[in-house]
Colleague: 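First, the structure itself, so that you have it in front of you.
FYI, side chains are in, hydrogens and waters are out, and symmetry mates aren't considered; it's all heavy atoms of this structure. All residue numbers refer to positions in the sequence shown, counting from 1. For ligands, and for the atoms within them, numbers begin at 1 and follow the listed sequence.
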Amino acid sequence: MNKKTAVTILDKKRNNEKVTMLTCYDYVMAKLISSQDIDMLLVGDSLGNIKLGYENTLPVSVDDMIYHTKSVKRGNAGAMLVTDMPFMSYESNVKEAVKNAGRIVKEGATEAVKIEGGIEIIAQVKAIVDAKIPVVGHLGLTPQAINKFGGFKAQGRDKEAQDKLIADAKALEQSGAFAIVLEAIPERLAKEVTEVLNIPTIGIGAGRYCDGQVLVIDDMIGMFTDFTPKFVKKYANIGETIKAAVRSYIDEVKEGKFPKEENTYK
Ligand code: KIV
């Protein structure tokens, strides 16, 4: 399997090929997903909800991101590995941002970091890129800004917000970001952003015209059911399969049907 890099991802836009990305938080899933030749694995800070059971992504630490990135790294066959910078690991100043991005690369062995925000964090993006770390931007519904937005609400609905998002996307590209995730924005706006940029847009709830798509793995295989955004398509119902397997196991143990002779040592 060919190893995917930032160069591969940029080439995809030039060649008009779609970029595929899924979130991933551990070794077993990294092996399964990357065996299918996906382009990018994102160790998203959504692990706060999905793996740690928090209400949102705000409590996630740099150490949490490094721990899960190490696990994914060991199982990844050839996808480009991207890790989220968690809330308050980059906002306060440039030095702190570079230090934390560096830790995630050095200790987690990730290949790029993703950062939420536009013009307000441009100095950080430039400095991280200058430190030789590839950066993916993230605009629209940025979950770390949930308290500012007043909930998980689609963004970019009025003209002012749309103009800002386009300006943010251009600024990210100019600062050296090699891709931008667009989350929960109108399809028409995502199309416009995609058309003005030379770097790929990767949509989640941003419609059909982005250069690529990303979903949270546990949403798309029916593992995480606390809440399911409208933009998710469920490709499997693994949660129900697990429940049925556990039910059968409990029943068989209680009834003395498991273990059988073939499960025992002579
Ligand atoms: O943390 C995450 O999973 C993400 C995706 C929703 C893009 O940022």
Colleague: Taking all heavy atoms of Ser175 and all of Val125, pick out the closest pair and write down the distance.
Modeller: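 Looking at all heavy atoms of both residues, the shortest contact is CB-CG1, 3.9 Å.
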Colleague: Between NZ of Lys13 and CG of Asn198, what distance do you get to the nearest 0.5 Å?
Modeller: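 Result: 7.0 Å between the selected atoms.
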Colleague: To which protein heavy atom is atom 8 (O) of ligand 1 closest, and what is the distance rounded to 0.1 Å?
Modeller: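 Its nearest protein heavy-atom neighbour is Lys114 NZ, 2.8 Å.
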Colleague: Just checking Phe224 against Phe227, ring centres under 6.0 Å apart?
Modeller: yes
Colleague: Side chain, backbone, both or neither: which applies to Leu47 and ligand 1 if a contact is any heavy-atom pair less than 4.0 Å apart?
Modeller: neither
Colleague: If the cut-off is 4.0 Å to any non-hydrogen atom of Glu183, which atoms of ligand 1 fall inside it?
Modeller: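 Numbered from 1, ligand 1 contributes 6 (C).
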Colleague: Without swapping roles, check the side chain of Glu111 against the backbone of Leu81 for a donor-acceptor pair under 3.5 Å.
Modeller: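 Present.
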Colleague: Just jot down the ligand 1 atoms closer than 4.0 angstrom to any heavy atom of His138, in number order.
Modeller: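 Reading through ligand 1 atom by atom, the close ones are 8 (O).
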Colleague: Identify the protein heavy atom lying closest to atom 2 (C) of ligand 1, giving its residue, its atom name and the separation to 0.1 Å.
Modeller: Ser46 OG, 3.2 Å
Colleague: Is ligand 1 under 4.0 Å from a heavy atom in the side chain of Thr23, in the backbone, in both, or in neither?
Modeller: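 Side chain only; the backbone of Thr23 stays clear of ligand 1.
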Colleague: Can a donor-acceptor pair be found between the side chains of Thr69 and Tyr67 at a distance below 3.5 Å?
Modeller: no
Colleague: Tell me which part of Thr57 gets within contact of ligand 1: side chain, backbone, both or neither, using heavy atoms under 4.0 Å.
Modeller: neither
Colleague: Looking only at protein heavy atoms, which one is nearest to atom 7 (C) of ligand 1, and what is the separation?
Modeller: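 Here the nearest protein heavy atom works out to Leu42 CD2, 3.7 Å.
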Colleague: Would you say Glu116 touches ligand 1, if touching means a heavy atom closer than 4.0 Å?
Modeller: no
Colleague: I'd like to know whether CD of Glu262 has more than 12 heavy-atom contacts from other residues, nucleotides or ligands below 6.0 angstrom.
Modeller: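 It does: Glu262 CD has more than 12 such atoms within range.
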Colleague: What atoms of ligand 1 come closer than 4.0 angstrom to any heavy atom of Ile204?
Modeller: 6 (C)
Colleague: Can you tell me how far apart NZ (Lys243) and CD1 (Ile238) are? Round to the nearest 0.5 Å.
Modeller: 13.0 Å
